[in-house]
There are 2 protein chains.
Amino acid sequence: MKTPTAVLVAARRRDATATRVAILDSARRAFARAGYDGAGVREIASGAGVTAMLVNRYFGSKEQLFTEVVEQTMTSNSLIAGGIMDAPNPGRALAEALVKMTRADIAPLDGFLITFHSASSPSAAKIGRDMIAAHHLKTVAKSLDGKLADERAGLLLAVISGFQVMRQMIALPALANASEEKLVQLLAVVFDGLIQPPAKETGRKKSS
Amino acid sequence: MKTPTAVLVAARRRDATATRVAILDSARRAFARAGYDGAGVREIASGAGVTAMLVNRYFGSKEQLFTEVVEQTMTSNSLIAGGIMDAPNPGRALAEALVKMTRADIAPLDGFLITFHSASSPSAAKIGRDMIAAHHLKTVAKSLDGKLADERAGLLLAVISGFQVMRQMIALPALANASEEKLVQLLAVVFDGLIQPPAKETGRKKSS
DNA sequence: CACGTGAGTCTACGGGCGTAGACATCGATC
DNA sequence: GATCGATGTCTACGCCCGTAGACTCACGTG
């Protein structure tokens, strides 16, 4: 156990932390494009300007690298992460942000999409599921008033996911080429319907 | 060595059409579970009781096999394919059918999920996209009155997809373990909001 | 200026992939 | 009962995968 007094922040050529960041960045792009199985370690390394072995040297294994990428992406770069649910009109705000982030000319780097692209691998799917349940679902559910908060939060995330999947992953023309303002209006109605406490239109025998 | 066990083991004698069906069936299960890249020809063949080469002999290539699987699944086994949009209460009917088909104990063999699992391969994604646009989007849009029919149809499919993805593919606990009746009620409201013609002014204010 | 240490690379291995071509076997026909 | 096409299998090739171990090299320090 030694402390080499590494207080100086010089040395740009052989910079471990900068290399780490570069690998994480390249991995995020690769995983978002091709999923866990589709992205190779050699490809990730090449995108960061290093060799494949260095990736494993820094992150232990491809799976651990994937975990770090998903965690970082879900916490720092998420639609939900910022307090968007506290806006005066959260449905509209959510719709605007969602439509904006799913434009065709924007590389899809979202954590949801990375997870969906990687759902073929059970281990990768579990990592994504746990991350979604831990960060996003809890955040949304806490900001919802009324009953069935968990279910409504889940459906809200489902709508967001479905829109991302159909507009970005599949590039369904009806959504990819539609007018943004019209999409926002339609989406806002859907979101509002889930954000507002549910009306009991059919009689249920649940005590209120 | 030809032993009399031939009679006992004779599950399927040399029957070309039956073998074709068996391969298609096995391929559908494999693609639904692991996506285009994740499912191997050897695995598909093994599930049908044949060898890998026979698969290519019958379907030419893995990609052509995938195309046939997706086409068959989308046309014959789809939520939308049956005239569910013509029901007296299509929103509720859709919600009930969707919740029912996404139960945990039902193997997810839907064409949407196969497509999403396979989105890593550009060619497979294109096959799925074209199939969705050709069959489902057109069907839904034709049954919608009022303006923005294409956009509303796309969003309807997006909600369906998102629900499938979150409940089956990711198995988000909030949706996978929720009460079915409550999910149906919440979903029906969302569907009705998209099925009914859009109001001129959108963006109701939240009153909390 | 030598040197130890950590950053980064090279080579290789075992395995799975899609598929091409030669080979084996069954079943109906003459 | 021999023949022949359809049905199915075997072996092999070339490619890419994740990663383990030995290696090279630059750099801060004495």
Side-chain angles (χ1 to χ4, degrees), chain A residues 1-24 26-27 30-31 34-67 69 118 120-124, chain B residues 1-24 26-27 30-31 33-69 118 120-124:
Chain A
M1 150 148 4
K2 60 233 152 41
T3 11
T5 68
V7 189
L8 271 186
V9 203
R12 309 282 169 143
R13 286 187 50 122
R14 290 165 77 95
D15 187 340
T17 62
T19 303
R20 240 189 95 96
V21 170
I23 293 174
L24 272 175
S26 170
F31 285 139
Y36 180 78
D37 283 326
V41 176
R42 286 170 176 82
E43 169 197 353
I44 293 171
S46 164
V50 297
T51 57
M53 260 319 290
L54 204 67
V55 174
N56 269 8
R57 207 173 176 77
Y58 271 76
F59 295 91
S61 71
K62 187 186 179 184
E63 189 169 314
Q64 289 179 257
L65 170 62
F66 181 77
T67 305
V69 167
S118 308
S120 331
S121 306
S123 54
Chain B
M1 178 189 288
K2 39 206 172 226
T3 56
T5 58
V7 182
L8 295 178
V9 193
R12 178 180 66 245
R13 288 181 294 174
R14 294 188 158 227
D15 186 341
T17 60
T19 302
R20 239 189 98 96
V21 170
I23 293 174
L24 273 175
S26 171
F31 284 140
R33 188 183 53 74
Y36 180 78
D37 284 326
V41 176
R42 287 169 175 82
E43 168 197 354
I44 293 171
S46 164
V50 297
T51 57
M53 261 317 291
L54 203 67
V55 174
N56 269 9
R57 206 170 179 76
Y58 271 74
F59 295 91
S61 71
K62 186 187 180 183
E63 188 168 315
Q64 290 178 256
L65 169 63
F66 181 77
T67 305
E68 281 209 34
V69 167
S118 308
S120 332
S121 306
S123 56

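Numbers restart at 1 for each chain; the letters A, B, ... are given by sequence-line order, proteins then strands.
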Spacing of [X] atom [atom1] relative to [N] atom [atom2], expressed in whole Å:
| X | N | atom1 | atom2 | value |
| --- | --- | --- | --- | --- |
| M53(B) | dG21(C) | CE | P | 9 Å |
| L54(B) | dC10(D) | CG | C1' | 13 Å |
| L65(B) | dT19(C) | CG | P | 10 Å |
| I23(A) | dT9(C) | CD1 | C1' | 13 Å |
| F59(B) | dG8(D) | CZ | C1' | 15 Å |
| I44(B) | dG16(C) | CD1 | C1' | 14 Å |

Mind checking Y58(B) for me? I need base, sugar-phosphate or nothing, with any heavy atom below 4.0 Å counting as a touch.
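It contacts sugar-phosphate atoms only.
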I need the I23(B) CD1 to Y58(B) OH distance, nearest 0.5 Å.
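If I round to the nearest 0.5 Å, the distance is 6.5 Å.
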CG/L24(A) to CG/L65(A) distance, rounded to the nearest 0.5 angstrom?
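If we round to the nearest 0.5 Å, L24(A):CG and L65(A):CG are 6.5 Å apart.
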Could you list, one pair per line, each protein nitrogen or oxygen that sits under 3.5 Å from a nitrogen or oxygen of nucleotides 14-18 of chain D, together with the distance?
{"from": "dG18(D)", "atom 1": "OP1", "to": "K62(A)", "atom 2": "NZ", "distance (Å)": "2.6"}
{"from": "dG18(D)", "atom 1": "OP2", "to": "V41(A)", "atom 2": "N", "distance (Å)": "2.8"}
{"from": "dG18(D)", "atom 1": "N7", "to": "R42(A)", "atom 2": "NH1", "distance (Å)": "2.9"}
{"from": "dG18(D)", "atom 1": "O6", "to": "R42(A)", "atom 2": "NH2", "distance (Å)": "3.0"}

Do F31(A) and I44(A) have side chains that get closer than 4.5 Å, going by heavy atoms?
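Touching, per the 4.5 Å side-chain cut-off.
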Strictly by side-chain hydrogen bond (donor to acceptor under 3.5 Å, both in side chains), give each pair with a member in residues 35-47 of chain B just once, sequence neighbours left out.
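Non-adjacent pairs meeting side-chain hydrogen bond (donor to acceptor under 3.5 Å, both in side chains): R33(B)-E43(B), D37(B)-S121(B).
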T19(A) side chain near dA7(C) phosphate (N/O to OP1/OP2, under 4.0 Å):
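So the side chain of T19(A) is outside the cut-off, no N or O lying under 4.0 Å from OP1 or OP2 of dA7(C).
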